[in-house]
Amino acid sequence: MISQYEQSRQANIEKNAALLKSLGLDKPAFEPKEVLRKPKAVPPRKRKQSATVDEDDEGPAVLEEPPSKAQRIEPQDLKEGSGVRRSSRNAGKAVDYKGEILRASLVPLAYSSGVKTTENTGPLGREEGPRKHNPKTYGHIPGVAVGTWWESRQGCSVDAIHAPWVGGISGGPNGAYSVALSGGYDDDVDLGYAFTYTGSGGRDLKGTKNAPKNLRTAPQSSDQSFENTFNKMLKRSSETKKPVRVIRGFKLKSKYAPSEGYRYDGLYTVEKAWMEKGLNAKGYLVCKYAFKRLSGQAALPVRIVDEEDNQDPVTTPEATSKSR
DNA sequence: GGGCCCGCAGGG
DNA sequence: CCCTGCGGGCCC
């Protein structure tokens with residue numbers, strides 16, 4: 001039987017999906033010529049028109065794509081790995097179990113997740129060190145290709161793709177610079193080329209005086225609003241239509257989520273901002289946004305969860321079996 | 001698995 | 001300085 005939570009979730013997902021459809025975002029606005037079979041000379045023109053880097057345009061962001069065939073990963077590997085997706089910072093920690101299998105099949109995993117380049121490794125060969133670029137800019141970051149993958153949010157920050165280590169939204173007066181999709185809200189819909197996103201705020205991070213929490217994330221405990229700094233920035237994005245960098249994380253429940261770590265998925269615009277009842281016990285209001293992927297970017301890798309079921313609103317295997 | 005605490009980057 | 005936030009490590 002279906003839990004109450006799951007029921008509400010499905011209902012919200014349907015509403016979000018309907019909204020995307022009403023905006024014409026239920027299917028790609030373009031035929032993914034991105035799915036290049038053979039790397040016949042990448043048309044140099046298309047990068048210029050849409051995936052444009054705002055104002056400054058030094059070093060056209062590399063839009064080269066990872067080998068497309070490598071998008072598949074062994075289904076059994078994925079299954080094995082699904083229990084140990086904890087961002088793989090297992091160094092020095094019990095390394096036994098399935099983690100090793102993950103490690104062993106690093107190549108297909110890397111492709112499914114994105115590509116790790118030398119550009120995003122710090123001086124120690126890790127995801128740390130000083131920034132070379134300013135994250136407070138709109139559009140691509142020079143030298144960071146769509147599909148670039150990091151083990152943790154720190155790497156995204158160092159490479160100026162998404163500055164905050166925790167926060168989902170980064171931005172300024174003319175709109176958001178970047179957002180992170182990391183499964184914080186279970187009723188967001190992800191179609192890859194479009195998705196719905198939930199704003200921030202309305203969570204009780206500090207607890208009470210007697211029971212201080214000092215958390216970084218927490219359940220919804222009040223309404224969100226567009227007065228919230230970050231929600232305001234995203235709303236602004238829907239007006240200015242400035243491109244927003246998007247990263248997807250391993251916690252996201254979507255077939256477009258990397259199996260581990262975080263991946264840069266390129267530029268999107270915010271097509272609409274609205275409010276609705278969120279997925280929480282009291283039905284607190286949340287700010288929602290519809291994102292649309294700009295054309296002419298490298299194809300998104302797709303997780304093969306099941307040979308059959310590769311439908312759109314994907315729930316992870318464990319999510320379906322678990323009730324709340 | 002869940003709970004807790006922490007550093008950190010950003011915005012005001 | 002203050003506050004926040006779709007992390008992450010650790011301990012149980």
Side-chain angles (χ1 to χ4, degrees), chain A residues 82-95 97-99 126-131 133-137 150-190 195-208 211-222 224-225 227-234 236 244-254 256-258 260-263 265 278-280 286-289 291 316 318-319 321-324:
Chain A
S82 57
V84 275
R85 298 186 280 142
R86 211 187 154 84
S87 120
S88 75
R89 195 160 273 240
N90 304 327
K93 200 186 146 184
V95 229
Y97 56 133
K98 300 139 182 177
R126 303 173 56 101
E127 299 176 3
E128 50 193 41
R131 281 198 187 112
H133 299 284
N134 184 1
K136 294 189 223 173
T137 56
W150 301 266
E151 186 175 293
S152 83
R153 289 276 297 265
Q154 184 180 358
C156 304
S157 184
V158 167
D159 283 336
I161 290 296
H162 184 66
W165 287 31
V166 177
I169 306 167
S170 170
N174 289 322
Y177 307 124
S178 55
V179 297
L181 279 67
S182 200
Y185 297 85
D186 283 346
D187 52 349
D188 284 333
V189 171
D190 186 11
F195 60 86
T196 60
Y197 190 81
T198 304
S200 55
R203 298 172 177 225
D204 186 11
L205 303 175
K206 295 192 296 198
T208 65
K213 294 268 186 182
N214 194 17
L215 296 173
R216 297 297 177 270
T217 61
Q220 205 76 28
S221 58
S222 61
Q224 294 185 357
S225 109
E227 293 311 300
N228 173 287
T229 313
F230 302 108
N231 297 340
K232 195 184 294 179
M233 290 188 282
L234 271 183
R236 184 84 181 115
V244 181
R245 293 185 296 275
V246 168
I247 63 172
R248 282 187 173 83
F250 67 98
K251 292 184 201 161
L252 180 65
K253 294 186 175 96
S254 155
Y256 301 101
E260 55 177 336
Y262 298 85
R263 185 187 63 219
D265 281 344
L279 183 60
N280 49 64
V286 294
C287 300
K288 300 281 291 202
Y289 307 89
F291 280 69
T316 55
E318 61 267 36
S321 59
K322 201 184 341 184
S323 58
R324 286 285 197 118

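In this text the structure is predicted, and so the values were computed from the model without any measurement. A note on names: the letters A, B, ... follow the listed sequences, proteins ahead of strands, and every chain is numbered from 1.
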### Task
Please determine, for dC6(C), whether a Watson-Crick or G-U wobble partner exists with both distances under 3.5 Å, and give it or none.
none
### Message
Counting C-beta onward and ignoring hydrogens, is there a side-chain heavy-atom pair between T217(A) and L215(A) closer than 4.5 Å?
### Response
no
### Message
Using a 4.0 Å heavy-atom cut-off, does G172(A) contact any base of the nucleic acid, only the sugar-phosphate backbone, or nothing at all?
### Response
nothing
### Message
With a 4.0 Å limit, can you tell me whether S152(A) has a side-chain N or O closer than that to the phosphate oxygens OP1/OP2 of dG8(C)?
### Response
yes
### Summary
Between G249(A) and P258(A) the two heavy atoms that sit nearest each other are O-CD, 3.7 Å
### Message
Using side-chain heavy atoms (C-beta onward) and a distance below 4.5 Å, is D187(A) in contact with K288(A)?
### Response
yes
### Query
How are the rings of F291(A) and F195(A) set relative to one another: parallel (under 30°), tilted (30 to 60°) or perpendicular (over 60°)?
parallel
### Distance, rounded to the nearest Å, where W165(A) contributes CH2 and dG11(B) contributes C1'
18 Å
### N/O (side chain, S200(A)) to phosphate O (OP1/OP2, dT4(C)) under 4.0 Å
no
### Query
Using a cut-off of less than 4.0 Å, is there contact between a side-chain N or O of Y262(A) and OP1 or OP2 of dG7(C)?
yes
### Message
Work out how far the P atom of dG8(C) is from that of dG10(B), and round it to whole angstrom.
### Response
16 Å
### Task
Describe the nucleic acid contact of G249(A) in one word from base, sugar-phosphate, nothing, applying a heavy-atom distance below 4.0 Å.
nothing
### Message
Side chain of T198(A) only, heavy atoms from C-beta on: which candidate in dG11(B), dA9(B), dC6(C) is closest?
### Response
dC6(C)
### Query
Using a distance-only test with no angle check, is there a side-chain donor-acceptor pair under 3.5 angstrom linking R153(A) and H162(A)?
yes
### Message
I need the NZ-C1' distance between K213(A) and dT4(C), as an integer number of Å.
### Response
17 Å
### Query
Which value, in whole Å, describes the distance between the C1' atoms of nucleotides dG12(B) and dC6(C)?
22 Å
### Message
Under 4.0 Å, counting only non-hydrogen atoms across every strand here, what does I169(A) touch: a base, just sugar-phosphate, or nothing?
### Response
nothing
### Message
Using the side-chain heavy atoms of R153(A), tell me which of these nucleotides is nearest: dC6(C), dA9(B), dG5(C).
### Response
dC6(C)
### Task
Give a yes/no answer on whether the side chain of K232(A) brings an N or O atom under 4.0 Å of OP1 or OP2 in dG11(B).
no
### Message
Can you tell me which nucleotide in dT4(C), dG8(C), dA9(B) comes closest to the side chain of A163(A)?
### Response
dA9(B)
### Query
Would D190(A) and K253(A) pass as an ion pair if we require N to O under 4.0 Å?
no
### Summary
To the nearest angstrom, the CG-C1' distance between D188(A) and dC6(C) comes to 9 Å
### Short side-chain N/O contact from R131(A) to OP1 or OP2 of dG10(B), under 4.0 Å
yes
### Query
How is G168(A) classified with respect to the nucleic acid when contacts are heavy atoms under 4.0 Å: base, sugar-phosphate, or nothing?
sugar-phosphate
### Task
Return the value, rounded to whole Å, for the distance between atom CG of N280(A) and atom P of dC6(C).
15 Å
### Task
Whole angstrom is fine here: how far is it from CG in L234(A) over to P in dG11(B)?
13 Å
### Message
Starting the side chain at C-beta, find the nucleotide from dG12(B), dG8(C), dC6(C) nearest to T229(A).
### Response
dG12(B)
#### Entry: Earlier contact from the 5' end, DNA chain B, for S170(A) and L215(A)
L215(A)
### Summary
note: N214(A), atom CG; dC3(C), atom P; distance rounded to Å ~ 11 Å
### Aromatic-base stack, F230(A) on dT4(C), cutoff 5.5 Å, angle under 30
no
### Message
Expressed as a whole number of angstroms, how long is the span from K136(A):NZ to dG11(B):C1'?
### Response
8 Å
### Between C1' of dG7(C) and NZ of K251(A), the distance in whole Å
6 Å
